[in-house]
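Chain letters run A, B, ... following the sequence lines, proteins first, then strands; residues in each count from 1.
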Amino acid sequence: MSETDSGEGNPASSDFIRDIIWADVASGKHAGIVTRFPPEPNGYLHIGHAKSICLNFGVAAETGGRCHLRFDDTNPVREEQEFIDAIQEDVRWLGFEWGTDAYHASDNFDQLYQWAKHLISEGKAYVDGLSAEEMRAYRGTLTEPGKNSPHRDRPVAESLDLLARMRAGEFEDGALVVRAKIDMAAPNMNLRDPVIYRIVHAIHPRTGDAWCIYPTYDFAHGQSDAIENITHSLCTLEFEDHRPLYEWFVDNLPVPSHPRQIEFARLNLTHTVLSKRILMRLVDEGHVSGWDDPRMPTLSGMRRRGIPPEAIVDFCGRIGINKSNSMVEMAMLDACVREDLNKRAVRRMAVLRPLKVVIENYPDGQTEELDAVNNPEDETAGMRKVPFSRELYLERDDFMEDPPKKFFRLAPGREVRLRYAYFVTCTQVITDAAGEVVELRCRYDPATKGGNAPDGRKVRATLHWVAASHAIDAEVRLYDHLFKAEEPGKSGDILEDLNPNSVEVITGCKLEPALEQCETSKAVQFERLGYFILDKGSTPAEPVFNRTITLRDTWAKVQKKGG
RNA sequence: UGGGGCGUAGCCAAGUGGCCUAAGGCACCGGUUUUUGGUAUCGGCAUUCGGAGGUUCGAAUCCUCCCGCCCCAGCCA
């Protein structure tokens with residue numbers, strides 16, 4: 001009802017594609033809007049795909065139309081069932097539904113084959129016997145026109161016969177090809193008699209060995225769109241040059257509808273890479289543990305990292321849609337992740353690098369159950385009890401023997417607050433032979449129970465802690481950018497830009513007991529440290545947490561500035 | 001040097017001839033609040049829209065030229 005309402009109806013935020021589509025809705029050009037997300041199942045989906053998914057499914061939802069999930073499975077040598085399954089899981093995880101069964105370009109192989117024959121019969125395509133190298137030579141260059149293949153004027157009947165024999169498996173890979181007869185002198189290279197069918201003796205994940213000839217992308221995509229009655233075929237900029245070809249097929253074939261292709265810029269993100277080829281290489285060469293390594297920009301990696309799908313959808317909305325190549329800072333994604341997690345992650349206390357502390361004046365053997373808020377941003381999250389006892393663990397970073405002026409955490413003689421517990425003052429520092437601090441002695445003020453001083457005295461810092469007697473031991477993995485360079489590979493070998501410190505594994509971390517009940521799908525904030533999630537490989541006996549992202553850290557910023 | 005695109009702050013991005021001495025977000029800087037140096041909140045951050053001319057009473061928006069960046073010569077998608 002409000003003007004800024006999202007959901008049904010014309011949304012407040014728009015872009016040039018939505019403008020076009022809404023204009024088509026207004027003019028009644030189509031019965032309904034139909035878009036499609038067309039991944040090739042040759043790898044895992046990454047956040048760049050999420051941009052396209054959000055656009056296609058988003059527009060469909062906003063206009064009351066629908067969006068198909070269609071696998072562009074025309075190249076069996078690179079496609080696998082594993083990828084088909086993973087892609088569906090990832091699209092669902094993002095929160096989108098494609099209703100009926102997924103579509104496949106391979107569902108149209110029969111029709112496409114008939115259309116190839118149709119083109120030949122009309123004298124608009126022919127079977128060519130040029131080798132790949134010869135074809136390249138005949139194609140000309142960017143500045144010189146190509147030459148007609150000597151087989152270009154092969155009689156229709158001969159081409160038809162050859163095509164039938166190609167289909168029957170009489171020839172080896174690469175022996176023959178069918179080409180659209182367009183214009184070898186066209187300034188647009190895509191129009192220089194593009195190949196529309198090639199021989200590939202390979203098992204297709206869906207059609208098995210039913211075919212040994214496969215349509216190319218150009219011959220399959222637009223026609224598949226037309227068969228599915230797609231109204232708006234949204235793709236990335238590199239296909240802009242293919243649009244005349246897309247239209248040529250749709251104009252020269254008896255297709256059931258005329259979809260419109262519109263191109264937009266793909267996403268580029270700093271400190272990572274969004275190229276399936278390179279991601280595949282990182283996996284194959286073992287630079288990461290797999291497609292779902294938490295450092296990967298894949299949706300499965302981000303899921304394992306603990307990034308909520310809502311944050312990704314929000315991010316895709318914030319970056320916008322247009323035609324200019326851009327490089328989005330990872331900080332933009334980080335902000336979306338923090339904003340989402342801040343609202344829904346429960347808070348817990350965990351000490352990553354424990355420093356033992358003994359509260360000298362606290363009775364030995366006594367334990368108190370203190371009240372702690374689960375999420376200050378969400379009252380419905382309720383409260384929990386946290387045990388407190390004489391021996392505790394504090395974060396090593398929260399103590400400095402000789403603190404600089406701006407450090408206001410624990411130091412000798414200084415009083416700080418232990419969150420939800422008491423004010424404590426450091427009375428003694430115990431070091432080992434090497435001078436390393438191994439233990440702290442503190443005194444607590446019983447009057448400050450819960451964290452407030454009745455006399456109104458203030459304290460500069462509030463620290464998180466875990467009672468030694470009740471602590472759960474865990475492993476925690478700290479993740480950072482996969483690449484240290486903003487634009488990996490920009491100046492040389494991309495592997496040189498890998499961040500050698502993209503993951504740090506810490507063992508012997510101490511967690512508060514409430515962390516015993518945790519799920520791999522529920523984000524948790526370790527107070528003052530960041531957002532974490534139980535790793536899918538974790539076990540109750542040996543819990544493993546992945547750090548999704550740190551909290552904003554102004555102290556770290558101050559330290560950096562101070563040198 | 002052929003064809004197709006793109007150029008608004010450090011980054012993303014609205015804007016399509018007058019309400020633009022240019023939204024919003026991220027980042028950054030500073031204040032307030034705070035039992036997370038978190039959150040929230042307030043303020044600052046382009047007299048200028050790749051550059052130069054021109055049209056116009058008036059231009060980021062129209063015209064001309066120039067400059068820069070991206071994509072295309074797979075039987076990949």
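Rounded to the nearest Å, the gap between the P atom of B:C42 and that of B:A52 is 38 Å. With P as the reference atom, B:C11 and B:G54 are 30 Å apart, rounded to whole Å. Rounded to whole Å, the separation between the P atoms of B:U34 and B:C12 comes to 38 Å. A distance of about 6 Å separates the C1' atoms of B:G50 and B:G7, rounded to the whole Å. Annotation: B:C63 and B:U55 have their C1' atoms spaced 7 Å apart (nearest Å). Going from the P atom of B:C70 to that of B:G30 covers 37 Å, rounded to whole Å. B:U61 and B:A22 have their P atoms separated by 15 Å, given to the nearest Å. As rounded to the nearest Å, B:A46 and B:A40 have P atoms that lie 24 Å from one another.
Shown here, B:G74 is classed syn by the O4'-C1'-N9-C4 or O4'-C1'-N1-C2 angle, which is within 90° of 0.
Judged by Watson-Crick or G-U wobble contacts below 3.5 Å, the nucleotide B:A22 has no partner. Pair assignment for B:C28 gives B:G44, based on Watson-Crick or G-U wobble hydrogen-bonding distances that are each under 3.5 Å. Summarising the base pairing, B:A14 is matched to no nucleotide, lacking a Watson-Crick or G-U wobble pair whose two defining distances lie under 3.5 Å. Applying the Watson-Crick and G-U wobble criteria (two distances, each under 3.5 Å), B:G2 pairs with B:C72. Across all strands shown, B:A52 is found opposite B:U64 as a Watson-Crick or G-U wobble partner, with both distances under 3.5 Å.
Taking every heavy atom of both residues into account, A:Ser159 and A:Arg154 meet most closely at OG-CD, 3.5 Å. When all heavy atoms of A:Arg192 and A:Met184 are compared, the pair lying nearest together is CD-O, 3.1 Å.
With hydrogens and angles left out, the side chain of A:Arg318 and the base of B:C12 share no donor-acceptor pair within 3.5 Å. Counting atom types as modelled, A:Asp241 pairs a side-chain N or O with a base atom of B:G3 as donor and acceptor under 3.5 Å. Between the side chain of A:Glu377 and the base of B:G38, a donor-acceptor pair under 3.5 Å is found. Counting atom types as modelled, A:Gln525 pairs no side-chain N or O with a base atom of B:G38 as donor and acceptor under 3.5 Å.
Between A:Lys557 and B:C28 there is a side-chain polar atom (N or O) within less than 4.0 angstrom of OP1 or OP2. For B:C76, one of the phosphate oxygens OP1 or OP2 lies less than 4.0 angstrom from a side-chain nitrogen or oxygen of A:Arg198. OP1 or OP2 of B:G74 has at least one side-chain nitrogen or oxygen of A:Arg136 nearer than 4.0 Å. OP1 or OP2 of B:C29 has at least one side-chain nitrogen or oxygen of A:Lys561 nearer than 4.0 Å. The phosphate of B:G74 (OP1 or OP2) has a side-chain N or O of A:Arg139 nearer than 4.0 angstrom. Not one side-chain nitrogen or oxygen of A:Asn322 sits closer than 4.0 Å to the OP1 or OP2 atom of B:C6. Residue A:Thr74 places at least one side-chain N or O under 4.0 Å from the OP1 or OP2 atom of B:A77.
Nearest nucleotide to the side chain of A:Arg552, out of B:A27, B:A77, B:C12: B:A27. Set against B:A77, B:G2, B:A73, the side chain of A:Pro187 has B:G2 as its closest nucleotide. Of all nucleotides listed (B:U1, B:C75, B:C26), B:C26 comes nearest to the side chain of A:Ala331.
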Quick one: side chains of residues 168-180 of chain A, donor-acceptor pairs under 3.5 Å with protein atoms, not counting sequence neighbours, listed by atom name and distance.
from     : atom 1 : to       : atom 2 : distance (Å)
A:Glu170 : OE1    : A:Arg165 : NE     : 2.7
A:Glu170 : OE1    : A:Arg165 : NH2    : 3.3
A:Asp173 : OD1    : A:His201 : N      : 2.9
A:Arg179 : NE     : A:Asp128 : OD2    : 3.2
A:Arg179 : NH1    : A:Asp193 : O      : 2.9
A:Arg179 : NH2    : A:Asp128 : OD2    : 3.1

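A:Phe407 comes within 4.0 angstrom of a nucleotide base, judged by non-hydrogen atoms across all strands. As judged by a 4.0 angstrom heavy-atom cut-off over every strand, A:Met327 is placed among residues touching the sugar-phosphate backbone only. Here A:Leu551 lies in heavy-atom contact (under 4.0 Å) with a base. In this structure, A:Asp334 reaches neither bases nor backbone, as no heavy-atom distance under 4.0 Å exists between it and the strands shown. Using a 4.0 Å heavy-atom distance criterion, A:His242 is classed as a base contact. Using a 4.0 Å heavy-atom cutoff across all strands shown, A:Glu240 reaches sugar-phosphate atoms only and no base atom. Among the heavy atoms of the strands lying under 4.0 Å from A:Thr141 is at least one base atom, whether or not backbone atoms are also near. Using a 4.0 Å heavy-atom distance criterion, A:Arg179 is classed as making no nucleic acid contact. Looking at heavy-atom distances under 4.0 Å, A:Pro376 makes contact with a base. In this structure, A:Ala335 reaches the sugar-phosphate backbone alone: every heavy-atom distance under 4.0 Å involves primed, P, OP1 or OP2 atoms, never a base. No contact: A:Tyr214 has no heavy atom under 4.0 Å from any strand.
Checked against the 6.0 Å centroid threshold, A:Trp465 and A:Phe388 count as a close aromatic pair. Taking the six-membered ring for Trp, A:Phe239 and A:Tyr246 have ring centres at least 6.0 Å apart.
Nearest-nucleotide assignment on RNA chain B puts the 5′-proximal partner with A:Leu142, out of A:Leu142 and A:Trp555. Each of A:Phe526 and A:Asp72 has a nearest nucleotide on RNA chain B; the 5'-most of these lies closest to A:Phe526.
Protein atom NZ of A:Lys343 is 21 Å distant from nucleotide atom P of B:U36, rounded to whole Å. Protein atom CG of A:Asp15 is 8 Å distant from nucleotide atom P of B:A14, rounded to whole Å. If you measure from atom CZ of A:Arg384 to atom P of B:U36, you get 14 Å, rounded to the nearest angstrom. A:Phe239 places its CZ atom 17 Å from the P atom of B:G5, with the value rounded to the nearest Å. Rounded to an integer number of Å, the gap from A:Asn325 CG to B:C11 P is 14 Å. A straight line from CZ of A:Arg243 to C1' of B:G5 spans 10 Å, rounded to a whole angstrom. Between the P atom of B:C75 and the NE2 atom of A:His201 lies a distance of 18 Å, rounded to the nearest Å. When the P atom of B:A27 is taken as reference, atom CG of A:Leu269 falls 14 Å away, rounded to whole Å.
Among residues two or more places apart in sequence or in another chain, the salt bridge (Lys or Arg N to Asp or Glu O under 4.0 Å) test is passed with A:Arg344 by A:Glu310, A:Asp340.
Between A:Glu40 and A:Phe83, the closest side-chain pair of non-hydrogen atoms is not below 4.5 Å. In this structure the side chain of A:Thr272 never reaches within 4.5 angstrom of the side chain of A:His481, judged on heavy atoms.
The side chain to side chain contact (heavy atoms under 4.5 Å, CB included) with A:Phe545 is formed by just one residue from the set A:Leu515, A:Leu478, A:Leu352, A:Ile533; it is A:Leu515.
Both the sub-6.0 Å distance and the 45° axial angle are satisfied by A:Arg167 relative to the ring of A:Tyr113.
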